Amino acid sequence: MSAYHPRQISIADYTYDLPEERIAQFPLEVRDQSRLLVYQQGRIADAHFTELANVLPAQSLLVFNNTKVVQARLRFQKATGGIIELFCLEPLEPIREVQQAMQQTQSVVWKCLVGNNKRWREGRLEMPLGPSPEDGILYAERLAPAEEGYAIGFSWTPTERTFAEVLEIAGLLPLPPYMNRDAAPEDQNRYQTIYADAAGAVAAPTAGLHFTPRVLEQLNQKKHQAAFVTLHVGAGTFKPVKSEVMEHHYMHPEQLSVSRETVEQLLRHLGRPIIPVGTTSMRTLESLYWLGVGLSMGSLPTEDDQLLVPQWLPYDQRTSLSVQEALESILTYLDQQGVSHLQATTRILIAPGYQFKLCSGIITNFHQPNSTLLLLVAAMIGPSWQKVYRHALANNYRFLSYGDSSLLLP
């Protein structure tokens, strides 16, 4: 356990001036034409993303988040003409596991943010699912307040449709709030990684947006390997830190799923570089270690019947368990449960003072000031985050979700 405790971090020490014009509002036409800032051994170099395979450490294992963004914004028009927007955040009933919840038919209850809430005093909202009555109708009913939102009951016809199919028909793509625009046709493809598979995210794992078949083939030729995990990115990823010190900041929960095959792949690769593609992959990998610790000790807490990594666990838990032992504990648990995937919830906060267990570096975009994502970068490369961000600003790198990329190797 580190003597330095992130509870005492002042977020004011992790900010910088980000001019509005540096925020990339639209994607580049070709994904892999983004720039790549390489930070290695304390030095900064400018490259392009197509050079990634050449600048990675030899025999790197890249870990990708294969979550898929769902069309989570629903705009209902009231009979009076007013617009009520519901932003689906996470399932509440009848099941809380995201991927299973997306396959529910007939009705579901989700936690939602409600736009124009004051204009929706009572009654059920309706939205046609096509031009004719036979195409069906989506209904929404406000049930009760929920943490930072409301429990909304959805039902629809035809009832045999899954909720995933309903969102595909009725929903809008949830672009990040700092883009301040509606989704354009090109966003349907570009705000999704080419390997997206498991539907359930309300924000893209944006570090993966730069990858193309060409880059993946280059990685393969250079003998780098790929592994996949799933972490369903929540809207909390955009939540600014408003507390003066981190002790009073509440980390948002996100659901993760990791296959036995990936855990075995990680075990085989120990001792060689493991590089997460994005902050969500990093949060998943580091959460795996702490899940393994908890399972080995038989003391892991749960949330909504799922295993949980609490926000402060890595800083408060004393353990000498090796990464190998932690991963083997997960395999034992999967065997005992007779399942092929580890399902869990993580609230992990990775900030300066964190001791990395699996990750040797990170591929990531440039993040907002005053954010937990910037704290994660600072945890990885220390005070040099300021040098990296000054260089990116001075050399016209594009920032945030549709911006350029970086490879950070401490």
Side-chain angles (χ1 to χ4, degrees), residues 23 25-26 67-93 96 98 101-102 104 106-131 135-157 161-192 199-204 206 232-240 242 252-254 368 400-402:
I23 299 173
Q25 292 293 330
F26 290 90
T67 189
K68 186 175 184 180
V69 183
V70 295
Q71 304 200 155
R73 289 189 184 276
L74 295 164
R75 285 185 183 157
F76 289 84
Q77 185 164 14
K78 296 177 66 183
T80 55
I83 299 293
I84 307 295
E85 182 171 288
L86 305 182
F87 185 6
C88 299
L89 297 178
E90 62 184 67
L92 299 176
E93 295 174 24
R96 299 189 75 127
V98 173
M102 296 298 288
Q104 292 296 312
Q106 195 166 352
S107 65
V108 293
V109 178
W110 277 60
K111 182 169 80 175
C112 298
L113 298 177
V114 180
N116 228 353
N117 180 42
K118 291 180 180 176
R119 295 199 174 184
W120 186 19
R121 289 192 173 88
E122 58 184 4
R124 189 169 69 164
L125 303 175
E126 296 185 11
M127 182 194 302
L129 295 177
D135 294 319
I137 300 174
L138 172 63
Y139 303 98
E141 187 175 0
R142 187 169 49 190
L143 302 177
E147 177 194 327
E148 298 184 345
Y150 290 89
I152 304 294
F154 293 104
S155 57
W156 56 88
T157 59
R161 276 190 181 134
T162 65
F163 192 54
E165 290 170 328
V166 170
L167 289 180
E168 192 68 29
I169 296 166
L172 302 168
L173 197 71
L175 289 181
Y178 46 70
M179 286 187 187
N180 202 24
R181 66 175 177 84
D182 285 335
E186 64 261 36
D187 294 309
Q188 295 298 326
N189 171 261
R190 287 292 277 106
Y191 195 62
Q192 203 81 266
V202 300
T206 54
H232 294 303
V233 191
T237 193
F238 303 120
K239 183 180 176 183
K242 295 182 178 177
H252 56 284
E254 289 175 314
Q368 287 179 289
L400 307 187
S401 294
Y402 274 149

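Source: prediction; values computed, not measured.
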| field | Ion pair check, Asp187 and Arg181, cut-off under 4.0 Å | value | yes

| note | Of all heavy-atom pairs linking Arg96 and Pro91, the shortest is O-CG, 3.3 Å

| query | Charged N to carboxylate O below 4.0 Å: is that the case for Arg124 and Glu141? | reply | no

| Rounded distance [0.5 Å steps], CZ in Arg121 versus CZ in Arg142 | 10.0 Å

| Who are the ring-ring contact (aromatic ring centres under 6.0 Å, His included) partners of Phe163, not counting sequence neighbours? | Trp110, Phe154, Trp156

| Which pair of non-hydrogen atoms, one from Val202 and one from Cys88, has the smallest distance, and what is that distance? | CG1-O, 3.2 Å

| query | What are the two closest non-hydrogen atoms of Leu129 and Arg161, and how far apart are they? | reply | CD1-NH1, 3.5 Å

| Distance-minimising heavy-atom pair for His232 and Ala199 | CE1-O, 3.5 Å

| task | Taking Glu90 for its side chain and Lys111 for its backbone only, find out whether a donor-acceptor pair lies under 3.5 Å. | result | no

| message | Whether Asp182 and Arg75 form a salt bridge (side-chain N of Lys/Arg under 4.0 Å from carboxylate O of Asp/Glu) is what I want to check. | response | yes

| field | Set of residues satisfying ring-ring contact (aromatic ring centres under 6.0 Å, His included) with respect to Phe26, sequence neighbours excluded | value | none

| request: Output, in order, the C-alpha distance, side-chain angles, deciding distance and verdict of side-chain contact (heavy atoms from CB on, under 4.5 Å) for Met102 and Val70. | output: CA-CA 10 Å; Met102 296 298 288; Val70 295; 3.4 Å; yes

| task | Heavy atoms only: give me the nearest Ile83-Asn116 pair and the separation to one decimal. | result | O-ND2, 2.9 Å

| query | Do you see a donor-acceptor pair shorter than 3.5 Å between the side chains of Ser401 and Tyr178? | reply | yes

| request: Test Leu74 against Leu167 for side-chain contact (heavy atoms from CB on, under 4.5 Å), laying out the working first. | output: CA-CA 8 Å; Leu74 295 164; Leu167 289 180; 4.0 Å; yes

| query | Within the distance-only criterion (no hydrogens, no angle test), does the side chain of Gln188 pair as donor or acceptor with the backbone N or O of Pro185 below 3.5 angstrom? | reply | no

| Distance-minimising heavy-atom pair for Val233 and Ala204 | CG2-C, 4.5 Å

| task | Test side-chain contact (heavy atoms from CB on, under 4.5 Å) on Leu138 and Phe76 and set out the steps. | result | CA-CA 9 Å; Leu138 172 63; Phe76 289 84; 3.8 Å; yes

